[in-house]
Each structure stands twice: as structure tokens, then as C-alpha cells.
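This is a predicted model, so every value here is computed, not measured.
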Amino acid sequence: MKIGVPREIKTHEYRVGLTPGAVREYVAAGHSVAVETNAGAGIGATDDLYRKAGASVLDSAREVFASSQMIVKVKEPQASEWSQLRQDQILFTYLHLAPDPDQAKGLLASGCTAIAYETVTDAHGGLPLLAPMSEVAGRLAIEAAGAALRRHAGGRGLLIGGVPGVQPARIVVIGGGVVGTHAARMAAGLGAEVTILDRSLSRLRQLDDLFLGRVRTKFSTIDSIEEEVFAADVVIGAVLVPGASAPKLVTRDMLNSMRKGSVIVDVAIDQGGCFETSHPTTHDDPTYEVAGVIHYCVANMPGAVPLTSSQALNNATLPFGLALANKGFAAVLENPHLRAGLNVYRGRLTCEPVARSLGMPFSPIERTAI
């Protein structure tokens, strides 16, 4: 199969769909890979490194899209990219379609087959292609919170871990999944007072065992969210409903009772965010203030550390990408985990949570497969 890797064009997105090492794996399996010039610049991978790995280097994204049967990316395609997709192509990337009707319509109009990293599953019910970026984002969330808490940035002027004799920051993590766990690990490691809220008792028990009492756990209800959020210096939004829009758990009215200069970090912003006042920001201008509360809502947080992120992402996506390259769409029909990742197929939405969030018709794969 002919694989194409365009350069990412989202603001301050430095990751790359395939590293030179991943390209070698595709070439060794008998596939050809075309990479847009400078696609790997953000991770220090030169065009010569890609050539040595066996790829051809093309001058433009248009050439990559035109010559490839499968496009491998990192972030969701922008308008100039989805307009270049066609019916006989597979798109393999993060999509986050639930809060993005324009992208959904663009992909449907193209007729392509679009497989979303964030809804591919594994045998344990996990999301193996979302997990590595969730790990990175969870850890970065605490770094971002620490910077936003500084007085010159509008924050309360707190050091997350405090110092002897001075109370540390109080950090509340809403959601005990991968993002929440890694955020809590970082925060506790810095000496913060940390609470995790979740609606799964079994998960709360696991977190109790994992943190050995260093992190408080609490069942998530409206009352408990209000109690914790109102007393917090930092609130990390780490809620995930696979494929669907994130629930709005902190309302605009609740901000009026939060501490002035406290910080919200909405890691769920790719799925619409779990704070009512959230809207996507960029690394250029990452924060804004509402009711005295600083909001950090960067939609591609792992893009700030592209070397780590690209390597971690490629480690996870490689087996699935090779399966698609080896078998084409048949791999989706044979593999239930890839099938869970199928969001768009020849003009139809095939992921029920996405269709429900967008208010559009859902067409199961059994009805669309040829």
C-alpha cells in the first residue's frame, strides 16, 4: 500500500504521523511511504533521515494526498486537508468529531474511510491509541497549572508544592482515567494536596491502592464536585466519554464561588470540554479569564513535547497501521478493535456516540460494509 504522511498544519503542532523508525517498519513490510518535506522538523527528523528510512520526500501536501492510499496523521484534518481526501483513501489519525460538525461534514462529503485513534479499543476495554497522549496531557496539565497559578499570569501566586510551613496548592482532578491518574501522580509528586473525583467505585478503589493514601478519592456527585471545586486552587478536567462530547460538569454559575485566581485546565477540550466556560485555545495564547478564574484549554497539549509524544504515539499506532496497510479495509472488518475506531465510511457515520453527539444519522458498519 502507498502510505502518505503530510506535515501537520494545526497551530503549534509539531508531532508527526510516522517517525523515521516507523517508516522503516512499513517499508520492511513491503509498503511505500511518501512524506511531505519538513514533516518531521518538529522532532528533529530531517528529510534525509526519512529518505534513509526508505521514504520518498514530496514537496507539498497536495502531492502526498494525491499519491497515497492511506494518510497517517496526528491531529484532525483541517479544511484544506479534508477537501483533498477521496473515496478510495483511508485516513488514520485523531478525529474528535463529536464537537466538530464542520469536519464531520467534510469527511462525509469526501467519501473517505476515516479511522479515529481515540475510539480504537483493545481486548481489555481500553483505548490504546488515546492512552499515550492522555499520559502526556495528564502530566503536562500540572505543569500548565503551575505556570498559570503564578501571579504575573493572573493566578493566585501559589507554588504547587508549597514550602515547609506553607500549605501547598489544593488540586482537584475530575475523572480517574488515564489523564486523571497521571495528573494526580505529577501533582502528588510535587507535594500538592490532591483529590480525584470519579463515578466508578471500582476505579476509586484501584486509585486508593495505587496512591497508598497520598491522594484522596471521592465519589463524583453534584454536591461533591461543588464542594471540591469551590475550595480548589486548580481543577483538572479529565472526563472522557469515548467518542462523545464531554459532559459539562462545572457550570458558569459555579465559577462565581471559586477562588479568584484559581486555575482550570480542561484536558477534555478536544471533546468539547467538561467546563461550561471552556473554549479551545492554542499554545500561542493558552489562557483566558472568566469570573476571575484562569482557563487553560489548549486543544493539542502533547504537541508542546513532540519528540516524546510522537515516539509514544507511534509505538501505539504501529501495529494497527500495519494491519490496515497489509489488508486495507478488510482489516477493519476482521478486527473488532479497528472496527470500533471506524468513524466515517463512504459518506456515513459509523460511530454511534459521534453520531448522537452531532445529531446525525448513525449507520452501523454491518450495513455499510461491502
Are the side chain of [X] and the backbone of [Y] linked by a donor-acceptor contact shorter than 3.5 Å?
| X | Y | value |
| --- | --- | --- |
| E118 | L95 | yes |
| E143 | R139 | no |
| E8 | K73 | no |

Judged by modelled atom types alone, do [X] and [Y] share a side-chain donor-acceptor pair under 3.5 Å?
| X | Y | result |
| --- | --- | --- |
| S60 | E63 | yes |
| S278 | H295 | no |
| T37 | D47 | yes |
| D198 | T217 | no |
| S363 | R346 | no |
| H12 | D284 | yes |
| E76 | H96 | no |

Mind listing the closest non-hydrogen atom pair of [X] and [Y] along with its distance?
| X | Y | value |
| --- | --- | --- |
| A153 | I294 | O-CD1, 4.2 Å |
| L127 | P242 | CD1-CG, 4.0 Å |
| L342 | T350 | O-OG1, 2.9 Å |
| P128 | T121 | CD-C, 3.5 Å |
| S67 | L58 | OG-CD1, 3.8 Å |

Rounded to the nearest 0.5 Å, what separation is found between the [atom1] atom of [X] and the [atom2] atom of [Y]?
| X | Y | atom1 | atom2 | answer |
| --- | --- | --- | --- | --- |
| N300 | T282 | CG | OG1 | 8.0 Å |
| R203 | D208 | CZ | CG | 11.0 Å |
| L322 | L324 | CG | CG | 9.0 Å |
| I115 | F329 | CD1 | CZ | 7.5 Å |

So do the side chains of Y296 and D266 get within less than 4.5 Å of each other, counting heavy atoms only?
-> no

Mind checking whether S32 and V27 have side chains closer than 4.5 Å, heavy atoms only?
-> no

If you draw a 6.0 Å radius around CZ in R62, do more than 12 non-hydrogen atoms from other residues or ligands fall strictly inside?
-> no

Can you tell me if CZ on R24 sees more than 12 non-hydrogen neighbours from other groups inside 6.0 Å?
-> no

Is the ring centre of F320 less than 6.0 Å from the ring centre of Y117?
-> no

Out of V229, D233, V263, which one pairs with M258 under the side chain to side chain contact (heavy atoms under 4.5 Å, CB included) rule?
->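 Result for side chain to side chain contact (heavy atoms under 4.5 Å, CB included) with M258: V229.
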
Steps toward salt bridge (charged side-chain N to carboxylate O under 4.0 Å, His left out) verdict (E193, R170) | CA-CA 5 Å; E193 179 184 325; R170 185 168 184 174; 3.6 Å; yes

Transitive ILVMFWY side-chain link V179 to L313, under 4.5 Å =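 Yes.
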
Tell me, which pairs form a salt bridge (charged side-chain N to carboxylate O under 4.0 Å, His left out) where one or both residues lie in residues 178-188, sequence neighbours left out?
-> none

